[in-house]
Amino acid sequence: MLSTRFNQTCFALVDCNNFFVSCERIFNPRLINKPTIVLSSNDGCVVARSNEAKLLGIKMGQPYFQIEKLCRQNHVHIFSSNFELYGDISKRVMTTLFDFCLDSEIYSIDEAFLRLDKMSINVVEYAKKIKETIWKNIGIPVSIGIAPTKTLAKMASHLAKQNLTSGIYDLRSENAREIILQTFPVEEIWGIGKQTATQLHYSKIHMTSQLCATPSTYLKKRFGVMMMRIINELNGISCLSLEEVHSVKNIMCSRSFGKPVTTLSDLLEAVSTYCANACKKARLQKIKAQGICVYLRTSLFNKTKPFYSASDQKILLLPSNDTVLITTIAHDLLKKLFKSNYDYQKVGVILLNLIDENIKQNDLFENKNNDDNKILMNLLDVMNEQWGKKSLFLAAEGTQKLWSVKSARRSPRYTTQWNELLLVL
DNA sequence: GCTGGATTCCACC
DNA sequence: CTAACGGGTGGAATCCAGC
């Protein structure tokens, strides 16, 4: 007889360990057991650390310039983000997980929830098999947390990471939970962030067990409905189910500049580039924007220069994913927002209220249909697929891109670019 | 007061 | 030599105008 109660829900959270670093290691085995980090775009902050790098005290999200010296002294291997590579490896991991369990939800680039209670299996044995398969076939180490709710499964995966030998942690037994909750800090609970944690500490609530013992009327009044959901989940009552594949509502594209930008022409180039990326993404998903928002701002951190931030949006007469149209509108918006004599750090474009491209809502006053540029856009996408990214683009994007991001240490895109395949010499 | 829409806050990876 | 800090998502709470 299995220890689980009849009818009890059971979720597994499969989480890739140090995901971006693990991806780099697949193609560069010399990195194994060496301190290694991956930087955010623009080589700004640390977004992934190997265990060795964690031991050196390098923090998640830490700005790189603060640890540059430490890295040099300890021969830390440093990489710029290589999202094409990570996305491709992620796809392989998720496909493998779907083979094990169709009832699953991709939660992020490196995590997925599986619903296991409807399968007649020994859950822990099954988890072991999943872990071994992903390691053997893809070369990515994962941790797996098992529990009756998603929030507890998240907690279990945390604990699984501390247990390096098995990498699996089972929190289905109520007795086991009772002990664990006494030493699990509230700030590590899924859904409780920095602000909430600070307030909890202020109310002398530090450990999860203390949180669960706090009267729910008080918690609801002070922290809202989200907190009630968290408490229920911690008590083993499942409130969060696997989510449907949610349709995207907005697409945002923005980057910080490699160095401050002051001229309107550079900003227009950048905005054009982001429009092209966003529209391409929309066409790929077969959706159209009903509005577009443009924003720009100076650095949040530079206290010596004046701060400026602005945004504006325009509703489209007809939904569109046409790069030419969207870029034209974005240019108009940006020209209105632009003020000279500022050091700009970032501009961004957001396609708003996306809807299925097949939904046609003919405008009463505009008789023509809005497929004008469909053929051109299709051509653009096909050419760029065939001849490589950015073979064909609008002149407005510019060719120099003096503003573009820093990405000095990116590894080759081994799996997605023919000319960057791994060479065996 | 009530409503819906816009904006801000918070959290996550 | 100095200055240097991501890019997305989504949901809830809150604000505010118009009734």
Side-chain angles (χ1 to χ4, degrees), chain A residues 13 15-20 37-49 58-69 71 80-83 86-87 90 105-113 150-151 154 157-158 186-200 220-230 239-240 243-260 270 274 277-278 281 285 290-291 293 295 297-305 309-313 315 343 345-354 405-408:
Chain A
L13 178 67
D15 190 336
C16 301
N17 299 342
N18 315 332
F19 184 55
F20 296 171
I37 59 174
V38 176
L39 302 177
S40 66
S41 75
N42 242 333
D43 293 346
C45 313
V46 178
V47 292
R49 308 156 293 157
I58 297 172
K59 299 274 178 276
M60 186 64 174
Q62 199 169 13
Y64 175 59
F65 72 89
Q66 288 177 3
I67 53 162
E68 199 173 356
K69 199 171 153 202
C71 289
S80 304
S81 291
N82 185 345
F83 281 105
Y86 310 150
S90 172
E105 170 197 338
I106 298 172
Y107 178 68
S108 75
I109 192 164
D110 73 329
E111 293 169 86
F113 287 102
K150 284 170 116 181
T151 305
K154 266 280 205 187
S157 88
H158 253 268
V186 288
E187 59 269 24
E188 286 173 31
I189 299 170
W190 188 40
I192 293 182
K194 224 173 122 184
Q195 314 266 340
T196 313
T198 309
Q199 289 189 52
L200 287 171
K220 171 144 193 216
K221 205 159 91 188
R222 179 133 183 215
F223 299 101
V225 293
M226 286 294 283
M227 183 62 90
M228 298 321 296
R229 217 172 287 166
I230 290 171
C239 308
L240 304 169
E243 293 194 20
E244 314 294 317
V245 185
H246 51 263
S247 53
V248 193
K249 290 174 189 119
N250 297 324
I251 291 174
M252 170 155 70
C253 186
S254 78
R255 298 276 181 283
S256 296
F257 300 127
K259 57 183 182 187
Y274 305 156
N277 291 345
K281 209 166 157 185
Q285 296 180 47
Q290 304 187 85
C293 169
Y295 68 91
R297 68 148 204 254
T298 59
S299 169
L300 288 163
F301 298 98
N302 191 336
K303 300 277 188 276
T304 64
K305 296 276 176 65
S309 162
S311 78
D312 196 10
Q313 47 180 278
I315 309 298
D343 280 2
Q345 188 233 355
K346 179 189 265 194
V347 292
V349 174
I350 310 172
L351 303 184
L352 303 163
N353 303 324
L354 293 153
V405 296
K406 279 183 289 191
S407 189

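Residue numbers begin at 1 in each chain, while the letters A, B, ... track the order of the sequences. Because only heavy atoms are used, hydrogens play no part in the values below, and waters and symmetry mates are left out as well, while side chains stay in.
- Applying the 4.0 Å criterion to OP1 and OP2 of C:dG7, one finds that A:Ser256 has a side-chain N or O inside that range.
- Stacking between A:Phe65 and the base of C:dC5 is absent under the criterion of ring centres within 5.5 Å and planes under 30 degrees.
- Put simply, chain A comes within 4.0 Å of DNA chain B, heavy atom to any atom, from B:dT7 to B:dC13, going 5' to 3'.
- Atom CD of A:Gln66 is separated from atom P of C:dA3 by 15 Å (rounded to the nearest Å).
- Distance A:Ile67 CD1 to C:dA4 P: 17 Å, rounded to the nearest Å.
- The interatomic distance linking A:Gln345 (CD) with C:dA4 (P) rounds to 10 Å, in whole Å.
- Relative orientation of the A:Phe20 and A:Tyr86 rings is parallel, given thresholds of 30° and 60° on the angle between their planes.
- For A:Val225, counting side-chain heavy atoms from C-beta on, the closest listed nucleotide (C:dG8, C:dA13, C:dC5) is C:dA13.
- With C:dA12, C:dC5, C:dA4 as the candidates, the nucleotide lying closest to the side chain of A:Met226 is C:dA12.
- Within the 4.0 angstrom heavy-atom criterion, only backbone atoms of the sugar-phosphate kind lie near A:Tyr107; the bases stay farther away.
- The backbone N or O of A:Phe301 lies less than 3.5 Å from a partner atom in the side chain of A:Ser299, making a donor-acceptor pair.
- A:Gln290 places a side-chain N or O within 3.5 Å of a backbone atom of A:Asn353 that can act as its donor or acceptor partner.
- Remark: P of C:dG11 and CD1 of A:Ile230 are 15 Å apart, rounded to the nearest angstrom.
- Atom NZ in A:Lys220 sits roughly 13 Å away from atom P in C:dA12 (whole-Å rounding).
- Along DNA chain C, the nucleotide nearest to A:Gly224 and the one nearest to A:Arg255 differ in position, and the one closer to the 5' end is contacted by A:Arg255.
- Rounded to a whole Å, the CG atom of A:Leu351 is 13 Å from the P atom of C:dG10.
- In this structure, A:Thr196 reaches the sugar-phosphate backbone alone: every heavy-atom distance under 4.0 Å involves primed, P, OP1 or OP2 atoms, never a base.
- In this structure, A:Asn302 places its CG atom 16 Å from P of C:dT2, rounding to the nearest Å.
- Between the A:Ser40 side chain and the A:Val47 main chain, no donor and acceptor come within less than 3.5 Å of each other.
- Using atom P as the reference point in both C:dC5 and B:dC12, the two lie 25 Å apart (nearest Å).
- At a threshold of 4.0 angstrom between heavy atoms, the contacts of A:Lys281 are confined to the sugar-phosphate backbone, with no base atom among them.
- Within the nucleic acid shown, A:Lys154 comes within 4.0 Å of sugar-phosphate atoms alone, with no base atom in reach, counting heavy atoms only.
- Within 4.0 Å of A:Lys59, counting heavy atoms only, lies no atom of the nucleic acid at all.
- The OG atom of A:Ser311 sits 11.5 Å away from the CZ atom of A:Arg297 when rounded to the nearest 0.5 Å.
- Not a single donor-acceptor pair under 3.5 Å links the side chain of A:Thr151 to the backbone N or O of A:Ile230.
- When heavy atoms are screened at a 4.0 angstrom cut-off, A:Leu300 is found touching no nucleic acid atom at all.
- Among the atoms of the strands shown, none is found under 4.0 Å from any heavy atom of A:Ile350.
- Side chains of A:Lys154 and A:Glu111 form a contact here, defined as non-hydrogen atoms less than 4.5 Å apart.
- Contacts of A:Ile251 with the nucleic acid, taken as non-hydrogen atoms under 4.0 Å apart, involve only primed sugar atoms and P, OP1 or OP2.
- Looking at A:Asp343 and A:Thr298, their side chains never bring a donor and an acceptor atom within 3.5 Å of each other.
- Between the C1' atom of C:dT9 and the CD atom of A:Glu111 lies a distance of 14 Å, rounded to the nearest Å.
- Side-chain nitrogen and oxygen atoms of A:Lys346 include at least one within less than 4.0 Å of the OP1 or OP2 phosphate oxygen of C:dG7.
- Of the possible polar contacts, one joining the A:Asn42 side chain to the A:Phe257 backbone as a donor-acceptor pair under 3.5 Å is found.
- Using a 4.0 Å cut-off, some side-chain N or O of A:Ser41 falls inside it from OP1 or OP2 of C:dG7.
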